[in-house]
Amino acid sequence: MSFNSLILIWFDKNKRNLPWRDQFDPYKIWLSEIILQQTRIAQGTGYYNRFVENYPTLKSLAEADEQMILKLWQGLGYYSRARNLHFTANYINSELNGEFPSNFLELKKLKGIGDYTAAAIASIAFNEPVPAIDGNVFRVFARYFNIELDISQPKTKTYFFNLGKEIIDQKRPGDFNQAVMELGATICTPTNPDCMNCPVNQSCEALAKKKVSELPIKSKKLKVTHRFLHFLDISNGDQVLIKKRTEKDVWLNLYNFPIIELPTEESFPSKFQEFNTTKPFRLMKEEVHLLSHQKLHISFWKANVDQEEFIRLQKEFNSEIISIEEIHQYPYPKPMEKYLDSEYPN
DNA sequence: AAATCGTGGTA
DNA sequence: TTACCAAGATT
């Protein structure tokens with residue numbers, strides 16, 4: 001039997017029951033695909049359910065404030081996905097008369113939708129036979145066909161896309177794409193793949209040549225830069241200073257305390273003593289927060305200052321004055337969320 | 001083409 | 001502990 005038939009039969013019997021399956025609303029398919037970019041199903045499912053509950057239609061999402069969407073996205077990471085999700089909802093709602101684009105090429109024009117997501121939506125929601133090439137598919141194809149190309153090179157994706165176009169099931173393209181991904185996620189895993197229970201183990205080239213553990217080949221590893229950030233929890237009575245991140249940097253459009261960033265670990269506290277003439281800042285917490293490409297060394301410092309100084313610091317940091325009661329309304333990156341949960345519980 | 005953009009689970 | 005990487009997109 002063909003790869004095609006075997007994997008679809010396996011999928012029909014073994015597919016997981018997930019909340020975005022067995023319905024074909026392109027809005028919900030899109031929403032699920034954006035949430036699942038670079039994100040495990042276990043982590044994304046709760047977010048998907050909350051988004052569907054809060055924004056059941058594209059129109060409702062389009063009419064929401066970006067800040068509300070970022071708040072609901074808080075903790076999921078890669079926040080450009082949330083910003084683009086909102087932008088595209090607005091675009092479809094106002095420029096495309098609320099009608100979701102229904103083919104691969106039109107979908108790809110939308111902000112936040114690239115090759116993979118356009119193919120996933122086109123195949124699942126509109127039955128178009130275009131292959132969705134994600135990390136799972138790279139791994140399954142590389143092993144099954146013994147492909148030794150470097151998957152970190154962009155042109156390799158074109159090779160896999162063309163291969164996928166040739167073998168994708170013409171009658172059930174959406175199920176085919178999902179079947180390959182499901183196989184990669186549950187059987188053909190990066191380490192310790194369960195080849196014994198693989199539906200295509202009779203014809204897998206890597207298995208026959210005992211090369212499963214060597215494939216796929218991925219060359220580049222990214223380098224991590226260190227940053228030293230000092231978060232200043234400055235309060236006056238029940239008021240606190242927070243600042244929206246508007247620079248081209250991580251966590252764009254999220255909020256945090258006023259920050260002093262220093263070039264090294266050592267050169268630290270003397271720097272900001274000058275900001276405070278009444279009381280010293282107390283060190284509340286130190287932690288290392290890992291991003292995919294940065295290692296953030298974060299310190300939280302707290303000071304309760306008088307009114308005059310509060311205003312001065314508010315201007316100094318170009319920050320906003322808010323009351324502690326409303327502090328949890330704003331979207332925050334993970335380190336801020338954790339700090340606020342412990343110091344300002346609600 | 002290579003860098004940038006989060007967070008959490010796993011070995 | 002470090003390294004990898006997960007239903008990737010953008011610049």
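Quick caveat: nothing in here was measured; it's all calculated off a predicted structure. Computed over heavy atoms, backbone and side chain alike; hydrogens, waters and symmetry mates excluded. Each chain gets a letter, A, B and so on, in the order its sequence line appears, and its residues count up from 1.
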Centre-to-centre under 6.0 Å for F231(A) and Y339(A), is that the case here? no

For I35(A), answer base if it contacts any base atom (sugar-phosphate contacts may also be present), sugar-phosphate if it contacts only those atoms, and nothing otherwise; contact means non-hydrogen atoms under 4.0 Å. nothing

If you look at every strand shown and take non-hydrogen atoms under 4.0 Å, does G75(A) touch a base, only sugar-phosphate, or nothing? sugar-phosphate

Q153(A) CD to dA2(B) P, in whole Å, measures 7 Å

Tabulated below should be each protein N or O lying under 3.5 Å from an N or O of nucleotides 9-11 of chain B; please produce it.
none

Tell me what S32(A) touches on the nucleic acid: a base, only sugar-phosphate, or nothing, going by heavy atoms under 4.0 Å. nothing

Residue closer to the 5' end of DNA chain C, K108(A) versus R21(A) (nearest nucleotide): R21(A)

Could you check how far OH of Y116(A) sits from P of dT10(C), rounded to whole Å? 14 Å

Compare side-chain N and O positions of H289(A) against OP1 and OP2 of dT7(B) and report whether any pair is under 4.0 Å apart. yes

Value in whole Å for how far the C1' atom of dG6(B) lies from CH2 of W251(A): 9 Å

Just checking F257(A) against W301(A), ring centres under 6.0 Å apart? no

Just say parallel, tilted or perpendicular for the rings of Y48(A) and W20(A), cut-offs at 30° and 60°. perpendicular

Could you tell me whether N177(A) contacts a base, only the sugar-phosphate backbone, or nothing, with contacts defined as non-hydrogen atoms closer than 4.0 Å? nothing

P spacing across the pair dC5(B) / dT2(C), given as an integer number of angstrom: 22 Å

When all nucleic acid strands are considered with a 4.0 Å heavy-atom cut-off, which category describes I121(A): base, sugar-phosphate, or nothing? nothing

Between atom NE2 in H293(A) and atom P in dG6(B), what is the gap in whole Å? 7 Å

Nearest 0.5 angstrom please: Y144(A) OH to C188(A) SG, how far? 11.5 Å

Sorted by position of nearest nucleotide on DNA chain C, 5' first, the leading residue of G114(A) and Q43(A) is Q43(A)

Whole angstrom is fine here: how far is it from CG in L36(A) over to C1' in dG8(C)? 11 Å

With no hydrogens and no angle check, just 3.5 Å: does a side-chain donor-acceptor pair link R21(A) and Q178(A)? yes

Just checking F100(A) against Y27(A), ring centres under 6.0 Å apart? no

